[in-house]
2 protein chains.
Amino acid sequence: MPKDRAPTRIQQKNRAVILEAALNVFSAHGFRGATVDQIAAEAGLSKPNLLYYFPSKEAIHTALLSGLLEVWLAPLHALNENGDPLEEILAYIQRKLEMSRDLPRESRLFANELVQGAPRIHDALSTDLKKLVDEKTAILTRWMDQERIARVHPYHLIFSIWALTQHYADFEVQVRAILGDEDPFEGAPLFVETLYRKLLTP
Amino acid sequence: MPKDRAPTRIQQKNRAVILEAALNVFSAHGFRGATVDQIAAEAGLSKPNLLYYFPSKEAIHTALLSGLLEVWLAPLHALNENGDPLEEILAYIQRKLEMSRDLPRESRLFANELVQGAPRIHDALSTDLKKLVDEKTAILTRWMDQERIARVHPYHLIFSIWALTQHYADFEVQVRAILGDEDPFEGAPLFVETLYRKLLTP
DNA sequence: TCTTGATTTGACCATCTGGTCAAACTCACG
DNA sequence: CGTGAGTTTGACCAGATGGTCAAATCAAGA
């Protein structure tokens with residue numbers, strides 16, 4: 001374990017390589033299903049070498065999750081009260097859909113954690129996430145009060161957006177098994193746009 | 001392992017007890033995260049005793065999944081071409097929502113499997129499930145052709161229903177972290193009904 | 001070049017885990 | 001009540017897994 005100096009070039013590279021490998025493995029097999037050997041192999045390092053950069057499997061997982069939570073919530077963060085309500089919401093949805101397409105591993109990493117009761121990020125959910133969602137639903141509610149979008153339960157509106165968009169990443173096998181050759185991300189954007197336009201147009 | 005006679009009273013009871021325990025453990029920790037000892041403890045049996053009734057951990061998991069797949073797909077199966085289109089679809093959605101509320105372990109069992117690439121039920125997805133969905137989307141398409149519901153991509157319509165309804169079971173921790181005391185199943189039925197009524201009314 | 005800290009590794013360990021087995025026990029029924 | 005099949009268990013095993021450690025190797029600044 002290096003002292004707490006500025007990270008060397010090698011440290012920077014190897015930490016990044018490890019996190020990338022860990023993302024692959026954890027997202028595909030969950031925390032318990034992933035093995036340190038697997039991550040090390042994926043990263044092209046020996047196991048002891050990997051454990052030189054992170055003290056434990058748990059530490060890698062935690063570093064990954066906390067590092068990605070910000071990225072994951074950025075689109076919701078960007079929801080802007082001063083924009084046009086419907087366009088803001090639709091833009092949020094499209095951004096989430098793009099993330100499902102471009103960052104499916106990240107989506108599955110969180111899905112794995114959540115479906116098993118979020119043992120490692122429960123705190124972040126009821127603090128950071130709840131705070132962000134409360135903030136944004138307040139905006140939604142104000143828009144509804146001003147009759148700029150139709151009135152619906154704001155929390156369930158957020159849940160529905162998460163569910164719909166992340167479904168394509170989290171349950172990709174199922175979607176592909178049913179769609180066959182058709183690219184899910186061909187029809188999805190139009191479908192969800194139609195859906196939320198109809199739902200929210202006052 | 002008993003011979004292939006008719007199952008004794010004890011066999012019947014213990015198999016059921018084991019499957020119930022396995023449902024608890026597998027749905028909470030995934031296949032890899034569950035241990036045979038855990039399932040045995042939950043079932044109130046010793047590990048060798050448990051393995052007397054099922055030859056392996058894998059066998060228990062398979063028995064569970066294949067036994068529950070039918071239950072899981074029953075609501076979609078019940079979608080009836082001869083009923084009123086919108087009411088049929090809304091009834092399907094409400095049934096799915098009830099299953100999320102009443103059978104969350106079953107939902108998470110499948111979610112765990114799917115999010116990790118469905119290594120153990122991939123076949124059933126591309127055969128049984130695909131067949132059922134193809135059948136039912138054909139009905140939806142006919143309804144759309146007859147202009148009895150609005151035209152949307154039928155597969156994405158199905159996906160959206162799955163995503164929305166199962167979200168409440170699969171990601172229950174997250175929903176609860178955000179809703180706090182509020183019961184998710186208080187607001188959800190009205191929300192999803194509104195959503196699909198607006199989407200599908202021609 | 002030399003030195004010192006950073007990096008890498010082979011060997012190793014304790015624990016966990018899925019699974020086996022022979023022996024013991026229980027139950028239903030003739 | 002005796003008997004044979006059905007049931008249960010303690011002891012055990014092999015392989016996997018997370019993690020350690022001392023020794024070897026490397027890299028960069030003096």
Side-chain angles (χ1 to χ4, degrees), chain A residues 1-65 112-113 116 119-120, chain B residues 1-65 112-113 116 119-120:
Chain A
M1 332 97 180
K3 308 285 178 182
D4 47 20
R5 308 211 180 137
T8 70
R9 188 171 36 87
I10 296 176
Q11 274 171 46
Q12 251 178 315
K13 194 199 71 181
N14 280 348
R15 275 179 194 274
V17 166
I18 290 169
L19 289 176
E20 169 72 15
L23 176 56
N24 279 331
V25 179
F26 282 133
S27 69
H29 305 290
F31 180 78
R32 188 66 156 59
T35 74
V36 176
D37 289 280
Q38 231 176 324
I39 299 171
E42 185 92 13
L45 298 174
S46 67
K47 183 168 58 166
N49 199 181
L50 182 148
L51 289 166
Y52 168 75
Y53 291 99
F54 289 90
S56 69
K57 179 183 173 183
E58 179 100 32
I60 304 173
H61 195 249
T62 303
L64 246 193
L65 280 174
N112 258 303
E113 183 67 8
Q116 290 179 19
R120 277 165 269 276
Chain B
M1 331 100 178
K3 309 285 177 182
D4 47 20
R5 306 210 182 139
T8 69
R9 187 173 36 88
I10 296 178
Q11 274 169 46
Q12 250 178 317
K13 195 200 71 181
N14 280 347
R15 275 178 195 273
V17 166
I18 290 169
L19 288 176
E20 169 72 15
L23 177 56
N24 279 331
V25 178
F26 281 134
S27 69
H29 305 288
F31 180 78
R32 189 65 156 58
T35 73
V36 176
D37 290 278
Q38 233 177 322
I39 299 171
E42 185 92 11
L45 298 174
S46 66
K47 184 169 59 169
N49 198 180
L50 181 149
L51 289 167
Y52 169 75
Y53 290 100
F54 289 89
S56 68
K57 179 183 173 183
E58 180 99 31
I60 305 173
H61 194 249
T62 303
L64 248 194
L65 280 175
N112 258 303
E113 183 67 9
Q116 290 178 19
R120 277 165 267 276

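No experiment lies behind these values; they were computed from the predicted model shown. A note on names: the letters A, B, ... follow the listed sequences, proteins ahead of strands, and every chain is numbered from 1.
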How about B/Q116 and A/S27: do any of their side-chain heavy atoms sit closer than 4.5 Å? no
The nucleotide from C/dG18, C/dT8, C/dA28 with an atom nearest the side chain of B/V36 is C/dG18
Counting just side-chain N and O atoms, does A/Q11 come under 4.0 Å of either OP1 or OP2 of C/dT7? yes
Let's see if you can work this out: which of C/dG18, D/dG18, C/dT8 has an atom nearest to the side-chain heavy atoms of A/K57? D/dG18
Give a yes/no answer on whether the side chain of A/R9 brings an N or O atom under 4.0 Å of OP1 or OP2 in D/dA28. yes
Minimum-distance nucleotide (side-chain atoms of B/P48 versus D/dT7, D/dG19, C/dT20): C/dT20
Compare all side-chain heavy atoms of A/R32 with those of B/T35 and state whether any distance is below 4.5 angstrom. yes
Please determine which of A/N49, A/L45, A/L50, A/L51 meets the side chain to side chain contact (heavy atoms under 4.5 Å, CB included) test together with A/K47. A/L51
On DNA chain D, does the nearest nucleotide to B/N14 precede the nearest nucleotide to B/R32 from the 5' side, or the other way round? Give the residue. B/N14
Please check the phosphate of C/dT8 (OP1 and OP2 only) for any side-chain N or O of A/Y53 closer than 4.0 Å. yes
By nearest atom, which of the nucleotides D/dG10, C/dT8, D/dG6 is closest to the B/T8 side chain? D/dG6
Below 4.0 Å: OP1/OP2 of C/dT9 and any side-chain N or O of A/N49: yes
Counting only side-chain nitrogens and oxygens, does A/Y52 get under 4.0 Å of the OP1 or OP2 atom of C/dT8? no
Looking at side-chain heavy atoms only, is the closest gap between B/L19 and B/F26 below 4.5 Å? no
Write down the distance between CG (A/L50) and P (D/dT20), rounded to a whole number of angstrom. 13 Å
Answer with base, sugar-phosphate or nothing: what part of the nucleic acid does A/A34 contact at a heavy-atom distance below 4.0 Å? sugar-phosphate
Measure CG/A/D37 against P/C/dA11 and give the value in whole Å, please. 15 Å
Per A/L51 side chain, nearest of listed nucleotides D/dG18, D/dT20, C/dT17: D/dT20
